[in-house]
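Only heavy atoms go into these numbers, but all of them, side chains included; no hydrogens, no water, no symmetry mates. A, B, ... follow the sequence lines: proteins, then strands. Residue 1 opens every chain.
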Amino acid sequence: MMYVHPALIMIIGALLAPLTRGVVRKCVLVATPVIAFYIVTTMYSMTPGDYGVINYLGFELITSRIDKLALVFLHVFTLMAIIGAVYALHVEDSSQHTAGFLYVAGSLGTTLAGDYLTLFVFWELMAVASTFLVWARREKQSIAAGYRYLLMHTFGGLVLLAGIFLRYHEVGSMEFTAMLPEHAGVAEYLILLGFALNAAMVPLHAWLPDAYPEATVTGAVFMCAFTTKTAVYVLARGFAGFELLAIMGAVMTLYGVGYAVIENNARRILAYHIISQVGYMVCGIGIGTEMAVNGAVAHAYAHILYKALLFMGVGAVLEMAGTADLSKLGGLYKKMPVAMVFTIIGGIAISGFPLTSGFVSKSMVIAGAGNAHEIGLMLMLTLAAVGTFLSVGIKLPYFIWFGEDSGVEPKKKLPWNMVVAMGIAGFFCIFIGVVPGWLYKMLPFAVDYEPYSAYHLSETFQLLGFTALGFYVLRKKMVPKAKLNLDLDIFYRRALDGFMAFARNPISPVNEWVSELYRVVGYRIALGAAAIASRFDVSIIDGVVDGVAHKVRETGDYVRHAQTGKLQQYIAIAVSAFFLLVLLVANI
Amino acid sequence: MSALVNLISYLRSKPNLLMGLFTLMLGVFVLFDAFATRHGAHFAGDKVVGFWAIFGFGGTIIMTKFMKWFAHEVLIRPLDFYEKKEGEE
């Protein structure tokens with residue numbers, strides 16, 4: 001049987017999207033992820049092992065390493081790509097479709113990669129393609145947030161690359177295999193740091209709540225699924241059993257819900273909840289037992305679907321009502337009942353109600369912590385579950401659909417394709433909760449866990465019921481405020497401002513036109529990115545990956561001059577940059 | 001959908017009924033806990049009837065109070081905080 005890499009299908013779809021129109025394009029948009037999903041289902045009949053091995057300049061590039069861990073992630077990624085594509089079907093802007101599909105291709109390629117070079121190339125494709133989903137909103141704050149997002153991921157990518165080369169220097173192999181905590185040195189921890197940034201691990205998380213709420217309505221649905229969960233996958237493959245991850249994961253669960261309690265923008269609340277939910281997965285991976293890793297993977301599967309459903313429901317509100325700020329919404333249950341039903345399904349699933357996917361996946365991580373005698377971690381994860389129900393299960397629906405009537409009127413009708421996409425995601429949120437065996441049999445290890453025990457049900461009923469009581473008691477305190485809450489992005493925002501003040505003084509007297517360029521915020525950030533990359537190069541990895549940062553600076557400079565405002569051109573540049581990157585990596 | 005909307009409107013017009021149902025539900029949950037068999041208890045709390053009820057309620061109150069206080073003391077800025085910085089330059 002001929003084997004086709006599913007990322008290739010997504011890339012072909014990405015290239016076809018801008019070349020087609022009308023019904024043909026809609027067919028391309030649906031067919032592409034459906035074919036990729038079909039390919040993944042056929043992979044289950046293939047013998048686990050390496051496929052698509054290419055010898056290039058003395059390196060063995062393993063484009064497809066197929067095993068149970070990779071397959072379960074590929075399954076949910078391609079399923080999610082179908083949902084995301086259907087949700088975005090009405091969008092005329094082809095650049096969003098192209099960026100979305102390239103982003104998925106990056107995620108699938110990373111998941112299948114058996115060596116670090118292949119992994120790195122697809123890793124960077126994800127970063128670049130997803131940036132366009134932020135920029136495509138074409139608002140001033142989206143452009144700025146997109147640059148900050150790209151800057152952070154460029155930084156993370158360089159750290160990862162430094163780790164990859166150090167490791168190659170030490171072990172003489174590019175193969176991506178599981179690492180043991182007792183043998184981990186600088187190289188392994190640099191790789192871990194690169195992965196941790198994409199997993200939004202505190203304190204490297206600030207890019208996520210900064211960028212995701214600024215993405216387009218449909219772009220955010222893609223973004224909430226792939227970057228962090230691909231990072232979870234590589235952590236599960238490479239770093240299971242690292243105790244640091246167990247602790248950091250538990251911290252993430254609480255950090256995310258803490259911010260969600262005080263945030264006002266619905267999409268920012270959901271963004272903080274990604275950090276919290278990914279924390280469960282990271283913690284499970286860190287604990288490293290078969291049950292905890294199974295739990296992490298099951299939770300990733302469930303999370304992608306209910307989080308997408310939540311972003312779709314809130315995206316529908318943003319699309320129809322023009323805002324996602326809770327302080328401006330309220331009493332919409334009569335006007336948007338469809339979006340309400342689906343968002344509440346997502347809300348109860350993320351909160352772990354019985355008969356929903358969260359119930360059968362989250363509890364596996366928590367029980368995994370308990371069985372490993374990590375009682376402290378177990379209580380932290382349970383407290384985060386309380387916070388999750390409080391902010392996404394109650395606060396978010398309460399202030400959008402119930403509470404005081406805000407008088408907001410929906411400006412347009414909900415497109416049918418959005419309803420279908422929410423329907424698919426909603427179906428799986430319930431289906432996995434009712435038939436957990438369907439998910440459990442896909443997990444990397446054999447499952448010996450029964451979620452529907454009397455005591456687990458009792459624990460869940462009490463936690464959820466009395467959290468609701470807590471909300472009722474404090475409902476006046478819960479009213480969201482239209483304020484900004486500082487997060488750690490202040491440090492790199494300030495650093496960029498500081499750098500700009502430094503850079504401008506010597507430069508502007510020389511070239512008057514430079515200061516003209518600086519007025520647009522994006523230009524400033526591009527220059528900041530180049531400078532930080534350059535400083536990073538000189539001080540940390542000079543000699544190891546000599547020249548890479550210079551290339552980044554040149555590319556940044558090129559991008560700076562290539563501002564035309566046409567996203568199609570941006571994407572063309574991104575694709576060229578991607579291939580340049582391939583060449584660059586292959587030549588070192 | 002309209003049946004659902006009507007049901008919500010009806011319940012909203014009867015807050016006492018809603019509270020009564022809610023209180024009854026909480027009571028049933030704790031009662032259920034007294035009879036639930038405890039397989040694989042992980043720690044002492046698992047053996048106390050109603051422990052997770054206290055944990056859920058206490059957790060909500062403490063988390064909310066703490067985050068509201070912390071936000072008020074440290075985190076909160078005007079919405080245009082970053083834009084202002086950019087405008088000043």
Cut-off 4.5 Å, heavy atoms of chain A, and the answer for B:Val28 is neither
Here the gap from B:Trp69 atom CH2 to A:Ile262 atom CD1, rounded to the nearest 0.5 Å, amounts to 12.0 Å
Between the OG1 atom in B:Thr64 and the CZ atom in A:Arg475, the distance rounded to the nearest 0.5 Å is 13.5 Å
Inset, instruction - Using the six-membered ring wherever Trp is involved, compare the ring planes of B:Phe32 and A:Phe461 and label them parallel, tilted or perpendicular (cut-offs 30° and 60°). - result: perpendicular
_More than 12 heavy atoms of other residues, nucleotides or ligands under 6.0 Å from NZ of B:Lys68: yes or no?_
yes
From the list A:Asp487, A:Thr382, A:Val338, the residue making the most non-hydrogen contacts under 4.5 Å with chain B is A:Thr382
Check your understanding: Can you check whether A:Gly403's main-chain N or O pairs, donor with acceptor, with B:Arg12's side chain at less than 3.5 Å?
Key -> yes
On a heavy-atom basis, the closest approach of B:Phe22 and A:Ala468 is CZ-CB, 3.7 Å
| Considering only heavy atoms from C-beta outward, does the side chain of A:Trp401 approach that of B:Ile8 to under 4.5 Å? | no
Look at the side chain of A:Lys477 and the backbone N and O of B:Lys65, then say whether any donor-acceptor pair between them is shorter than 3.5 Å. no
Exercise for the section: Compare all side-chain heavy atoms of A:Leu486 with those of B:Val74 and state whether any distance is below 4.5 angstrom. Expected result: no
Turns out that what part of A:Tyr472 lies under 4.5 Å from chain B's heavy atoms comes down to side chain
Checked A:Leu469, A:Val386, A:Leu474, A:Asn485 vs chain B; the most non-hydrogen pairs under 4.5 Å come from A:Leu469
The reported gap from NE2 in B:His42 to CG in A:Asn371 (rounded to nearest 0.5 angstrom) is 4.0 Å
Distance col, row B:Ile54:CD1 vs A:Leu463:CG, nearest 0.5 angstrom, shows 11.5 Å
When the 4.5 angstrom heavy-atom criterion is applied to A:Ser453 and chain B, the contacting part is neither
Checklist entry - Near A:Lys335 NZ, under 6.0 Å, is it more than 12 heavy atoms from other residues, nucleotides or ligands? => result yes
Comparing A:Ile490, A:Leu254, A:Thr460 against chain B, the one with the most heavy-atom pairs below 4.5 Å turns out to be A:Ile490
Honestly, the part of A:Asn264 sitting under 4.5 Å from a heavy atom of chain B is neither
In terms of heavy-atom contacts, A:Ser458 and B:Asp33 come closest through OG-OD1, 2.5 Å
4.5 Å side-chain heavy-atom contact, B:Ser9 and A:Tyr333
yes
Between B:Phe43 and A:Met378, does the side-chain contact (heavy atoms from CB on, under 4.5 Å) criterion hold? Intermediate values first, please. CA-CA 10 Å; B:Phe43 79 122; A:Met378 188 186 86; 3.7 Å; yes
Can you check side-chain hydrogen bond (donor to acceptor under 3.5 Å, both in side chains) on B:Asp46 and A:Tyr455, steps first, answer last? CA-CA 9 Å; B:Asp46 279 333; A:Tyr455 184 58; 2.9 Å; yes
CD (A:Glu459) and CZ (B:Phe29) are apart, to the nearest 0.5 Å, by 13.5 Å
Ranking B:Thr60, B:Leu4, B:Thr37 by heavy-atom pairs under 4.5 Å to chain A gives rank one to B:Thr60
Between B:Val5 and A:Pro337, the two heavy atoms sitting closest are CG2-CB, 4.0 Å
Checked B:Gly45, B:Ser2, B:Ala36, B:Gly58 vs chain A; the most non-hydrogen pairs under 4.5 Å come from B:Ala36
Check your understanding: Around A:Glu404, counting heavy atoms of other residues, nucleotides and ligands shown, do more than 12 lie under 6.0 Å from its CD?
Key -> no
On a heavy-atom basis, the closest approach of B:Tyr82 and A:Arg493 is CG-NH1, 2.8 Å
Exercise. State, with a plain yes or no, whether a side-chain heavy atom of B:Arg77 is found less than 4.5 Å away from one of A:Lys483.
Key: no
Okay, A:Met340 and chain B: the region with an atom under 4.5 Å from a heavy atom over there is side chain
Per-residue tally against chain B (heavy atom, under 4.5 Å) across A:Leu390, A:Leu379, A:Val261 peaks at A:Leu379
Note to self: Taking the six-membered ring for Trp, are A:Phe466 and B:Phe57 closer than 6.0 Å centroid to centroid?
What the structure shows: no
